[in-house]
Amino acid sequence: MIWLDLVNTDWHDYRGSGRHEDRLLRPGMIEQLLEHWDIEGMERATEETIAELQRLRALIQRIIHTLLEKRLPDQDELVALNDCFAQAPTRLLVSPNEQQIQLRRVPCWHDWPWVYGEIAASFAHTLAERDPFRIKQCENPDCRWVYYDESSTASRRWCEDPCANIMRVRRYRARHRPSSS
């Protein structure tokens with residue numbers, strides 16, 4: 001999911017050092033993301049492009065925090081998400097595909113607003129077509145990584161095994177810490 005990759009560029013050290021990094025500001029990171037998303041032919045990201053990606057990430061993070069409180073996004077948040085679609089108009093294209101006709105939606109322009117719209121659409125599809133309450137944030141307070149819980153019981157608590165192990169060790173040490181009198 002494109003939106004997950006964007007949200008998780010707001011990196012926090014899961015080991016507890018307190019380090020934090022906006023990985024969108026790392027040289028080459030946006031190009032890596034575009035390559036991972038199979039988006040080609042984009043002009044180099046400018047400061048304005050990065051700022052727009054940061055604004056979109058912040059919007060998605062606000063909506064995620066609303067979902068983590070077991071509430072649906074409010075009207076203002078959805079209007080802001082819809083505004084991203086308005087910047088990225090598409091059109092329908094009919095073309096042959098082997099023995100049948102294929103209908104697909106293609107962008108009117110292949111530019112940065114289209115990329116923002118694709119990210120917003122990816123998030124909107126998750127909200128509308130999947131269980132939005134399976135969007136979770138790692139319970140390691142130092143991590144903050146966001147993931148979509150695809151476990152059969154929707155009971156996953158950590159983003160990955162390293163965070164789960166750290167939290168188990170922390171709980172074990174807290175239980176076995178000598179009490180001070």
Side-chain angles (χ1 to χ4, degrees), residues 1-26 28-39 50-85 115-180:
M1 293 178 226
I2 294 172
W3 67 268
L4 266 175
D5 289 340
L6 177 66
V7 167
N8 288 325
T9 58
D10 184 15
W11 179 84
H12 298 263
D13 184 9
Y14 69 95
R15 294 169 298 219
S17 72
R19 285 191 351 235
H20 170 262
E21 178 184 4
D22 182 347
R23 291 197 165 164
L24 284 176
L25 302 175
R26 253 189 189 182
M29 176 54 86
I30 293 175
E31 290 78 10
Q32 284 179 337
L33 291 173
L34 292 175
E35 183 178 323
H36 180 73
W37 300 333
D38 290 325
I39 298 174
I50 294 168
E52 190 62 36
L53 286 168
Q54 289 168 323
R55 281 190 288 279
L56 179 54
R57 181 181 64 196
L59 169 63
I60 294 172
Q61 287 171 324
R62 283 194 308 276
I63 294 172
I64 289 169
H65 288 291
T66 300
L67 294 169
L68 293 173
E69 294 171 355
K70 301 297 182 199
R71 295 182 299 117
L72 291 174
D74 65 30
Q75 187 62 31
D76 290 340
E77 291 168 330
L78 295 178
V79 166
L81 194 58
N82 283 328
D83 287 345
C84 294
F85 305 139
V115 172
Y116 313 144
E118 285 295 298
I119 296 167
S122 171
F123 185 59
H125 281 290
T126 302
L127 294 176
E129 297 170 2
R130 300 182 86 175
D131 181 355
F133 297 110
R134 283 183 175 245
I135 297 172
K136 297 184 179 178
Q137 190 170 42
C138 183
E139 287 188 21
N140 175 351
D142 296 315
C143 178
R144 301 182 191 173
W145 197 263
V146 175
Y147 61 95
Y148 188 84
D149 184 356
E150 296 191 53
S151 68
S152 60
T153 59
S155 59
R156 192 168 144 201
R157 298 172 57 194
W158 299 285
C159 61
E160 293 181 354
D161 288 338
C163 279
N165 292 336
I166 284 173
M167 295 308 293
R168 288 182 190 114
V169 168
R170 287 178 186 169
R171 282 196 315 267
Y172 175 85
R173 288 180 179 163
R175 282 193 315 266
H176 293 87
R177 189 172 293 135
S179 59
S180 56

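In what follows, residues are counted from 1 in the order of the sequence shown.
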Specify the closest pair of heavy atoms between [X] and [Y], including all atoms of both residues, with the distance to one decimal.
X	Y	result
Val7	Gln61	O-NE2, 4.0 Å
Leu78	Pro73	CD2-CB, 3.9 Å
Ala120	Phe85	C-CE2, 3.5 Å

Pair Ile64-Gln137, side chain to side chain contact (heavy atoms under 4.5 Å, CB included): steps then yes or no: CA-CA 9 Å; Ile64 289 169; Gln137 190 170 42; 5.6 Å; no
Step-by-step side chain to side chain contact (heavy atoms under 4.5 Å, CB included) determination, Leu72 to Thr66: CA-CA 6 Å; Leu72 291 174; Thr66 300; 6.0 Å; no
field: Trace of the side chain to side chain contact (heavy atoms under 4.5 Å, CB included) decision for Trp3 with Val146
entry: CA-CA 10 Å; Trp3 67 268; Val146 175; 4.1 Å; yes
Roughly how far apart are [X] [atom1] and [Y] [atom2], rounded to 0.5 Å?
X	Y	atom1	atom2	answer
Leu68	Lys136	CG	NZ	9.5 Å
Gln32	His36	CD	NE2	10.5 Å
Leu24	Thr9	CG	OG1	3.5 Å
Leu81	Glu77	CG	CD	9.5 Å
Arg71	His65	CZ	NE2	12.0 Å
Ile50	Arg57	CD1	CZ	10.5 Å

Answer yes or no: does atom [atom1] of [X] have more than 12 heavy-atom neighbours from other residues, nucleotides or ligands under 6.0 Å?
X	atom1	result
Glu35	CD	no
Arg144	CZ	no
Arg171	CZ	yes

- request: Go through the steps for Asp10 and Arg23 under the test salt bridge (charged side-chain N to carboxylate O under 4.0 Å, His left out), then give the verdict.
  value: CA-CA 6 Å; Asp10 184 15; Arg23 291 197 165 164; over 6 Å; no
Side-chain contact, heavy-atom cut-off 4.5 Å: [X] with [Y]?
X	Y	value
Tyr116	Leu6	no
Val169	Arg173	yes
Leu53	Ile119	yes
Cys84	Arg55	no
Phe123	Ile63	yes
Leu67	Leu127	yes
Pro132	Thr126	no

message: Could you check whether Arg157 and Asn140, counting side-chain N and O atoms only, form a donor-acceptor pair closer than 3.5 Å?
response: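 Absent: no donor and acceptor within the cut-off.
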Determine yes or no for a side-chain-to-main-chain donor-acceptor pair under 3.5 angstrom, with [X] supplying the side chain and [Y] the backbone.
X	Y	result
Asp13	His20	no
Arg15	Ile166	no
Arg156	Cys159	yes

- prompt: Does a salt bridge link Asp142 with Arg170, judged by any charged N lying under 4.0 Å from a carboxylate O?
  reply: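 Between Arg170 and Asp142 there is a salt bridge, with a charged N closer than 4.0 Å to a carboxylate O.
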- request: State plainly whether the residues Glu21 and Arg26 are in salt-bridge range, i.e. N to O under 4.0 Å.
  value: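 Judged by the 4.0 Å cut-off on N to carboxylate O distance, Glu21 and Arg26 do form a salt bridge.
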task: Name all pairs fulfilling the ring pair (Phe, Tyr, Trp, His ring centres under 6.0 Å) condition that reach into residues 127-178, sequence neighbours left out, sorted by first residue then second.
output: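 Passing the test, one end in residues 127-178: Tyr172-His176.
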